[in-house]
Q: 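My questions will all concern the structure given below.
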There are 2 protein chains.
Amino acid sequence: MAYTKSTEFNLEQQEVAQLAKVLSHPARVAILQHLAQVKTCISGDISNALPLSRTTVSQHLQELKNAGLIQGEIDGLTVCYCINQEKFDAATQSLGNFLNNIQSSCSSCGC
Amino acid sequence: MAYTKSTEFNLEQQEVAQLAKVLSHPARVAILQHLAQVKTCISGDISNALPLSRTTVSQHLQELKNAGLIQGEIDGLTVCYCINQEKFDAATQSLGNFLNNIQSSCSSCGC
DNA sequence: TAACTATGTCGTATGTTTGCGTTATACTAC
DNA sequence: GTAGTATAACGCAAACATACGACATAGTTA
């Protein structure tokens, strides 16, 4: 980790940045939207709906899973991915708090 | 752009991802918080307040400026950076819409 | 003019992300 | 057992991000 000083910032800043990073690729945004809308959310279906290979989609799913935003349950041959609503709510609130705090405390700078 | 298929997603997905990318580094999060709180938002002051070199801070400022979230006005020898409230509000709304739409349309998957 | 100060740009080193082909794993059906 | 299907793991190449020192630019002051 020689070339990232991320750890020298405070926890809120790190948390916001990490959440934002998960959302910083359109594929992951699209996957979340897809999961929210579709009932049968199988990994293969997701790659069919996206302009990416199955391998790449699987990697993005893994990142969303690591962040806790989704969860996957093995159901025989297929895997059912769903949004982890509890974690997703928490993430939404963290980001929202950060954005709203900036808006409200933005003292009209003297420029 | 051989190794990024970002352009093959729809505009909302690209917009959300792009905004998230700007917020995906703690330094930029910290810069925004600093700008919101401090009146005299001079470039030198910002780099003093962060555990990064002046060069690196300057680059992060440039990215925030490219995204339109901040604006900088030259005032003689110093440069005064401020949050662009109009753009920042729009960004907050875009991200908020995306997150809330997912929450509300998240049909409890049959797992 | 020259010296000083504040800021931005360039080049470079290193680390991380993206994307996919190939291979491995695991379950189902026969 | 074998054949077929669905998914994950491995490994590689290209692109991008992070961080900084050194140089360039532009205003200030003497």
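For clarity, every value in this text was computed on a predicted model and none was experimentally measured. All chains are named by letter (A, B, ...) in the order of the sequence lines, taking the proteins before the strands, and each is independently numbered beginning at 1.
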Q: Side chain of B/R28 only, please: which of D/dT18, C/dC20, D/dA8 is the nearest?
A: D/dT18
Q: To the nearest Å, give me how far apart CG (B/D75) and C1' (C/dG8) are.
A: 17 Å
Q: Assess the side chains of A/Q13 and B/Q33: does a donor N or O sit below 3.5 Å from an acceptor N or O?
A: yes
Q: Between B/S53 and B/T56, is there a side-chain donor-acceptor contact under 3.5 Å, judged purely by atom types and distance?
A: yes
Q: To the nearest Å, how far apart are A/N66 CG and C/dT17 P?
A: 11 Å
Q: Could you check how far CD1 of B/I42 sits from P of C/dT5, rounded to whole Å?
A: 16 Å
Q: Report the distance from atom CD1 of A/I83 to atom CD of A/Q71, rounding to the nearest 0.5 Å.
A: 10.0 Å
Q: OP1 or OP2 of D/dA19 sitting under 4.0 Å from any side-chain N/O of B/H60?
A: yes
Q: Whole angstrom is fine here: how far is it from CG in A/L61 over to P in C/dC20?
A: 14 Å
Q: Of the nucleotides D/dA6, C/dT7, D/dT18, which has the atom closest to the A/T78 side chain?
A: D/dA6
Q: Report yes if a side-chain nitrogen or oxygen of A/R54 is closer than 4.0 Å to either non-bridging phosphate oxygen (OP1 or OP2) of D/dA8; otherwise report no.
A: no
Q: Could you tell me whether the phosphate oxygens of D/dG21, OP1 or OP2, come under 4.0 Å of any side-chain nitrogen or oxygen in B/T55?
A: no
Q: Hey, does A/K21 reach any base, or is it just sugar-phosphate, or nothing, if we go heavy atoms under 4.0 Å?
A: sugar-phosphate
Q: To the nearest Å, how far apart are A/Q62 CD and C/dC20 P?
A: 17 Å
Q: Mind calculating the distance between CG (B/D45) and P (C/dT5) to the nearest angstrom?
A: 16 Å
Q: If you round to the nearest 0.5 Å, how far is CZ of B/F98 from OG1 of A/T92?
A: 8.5 Å
Q: Among C/dT9, C/dA6, D/dT7, which nucleotide sits nearest the side chain of B/L77?
A: C/dA6
Q: So does B/S43 get a side-chain nitrogen or oxygen closer than 4.0 Å to the phosphate oxygens (OP1/OP2) of C/dG8?
A: yes
Q: Check whether any side-chain nitrogen or oxygen of A/Y81 sits under 4.0 Å from OP1 or OP2 of D/dA8, and answer yes or no.
A: yes
Q: For atom CD of A/Q18, is the number of surrounding heavy atoms from other residues, nucleotides or ligands below 6.0 Å larger than 12?
A: no
Q: Base, sugar-phosphate or nothing for B/I74? Non-hydrogen atoms, less than 4.0 Å.
A: nothing
Q: Would you indicate, yes or no, if C/dG19 has its OP1 or OP2 atom less than 4.0 angstrom from a side-chain nitrogen or oxygen of A/H25?
A: yes
Q: When the distance from CD of A/Q59 to P of C/dT23 is rounded to whole Å, what number comes out?
A: 17 Å
Q: Taking the side chain of A/E63 as its heavy atoms from C-beta onward, which of C/dC20, C/dT18, C/dG8 lies nearest to it?
A: C/dT18
Q: Is the phosphate of D/dA19 approached by B/S53 (side-chain N or O, under 4.0 Å from OP1 or OP2)?
A: no
Q: With a cut-off of less than 4.0 Å, is there a side-chain N or O of B/K5 near OP1 or OP2 of C/dC20?
A: yes
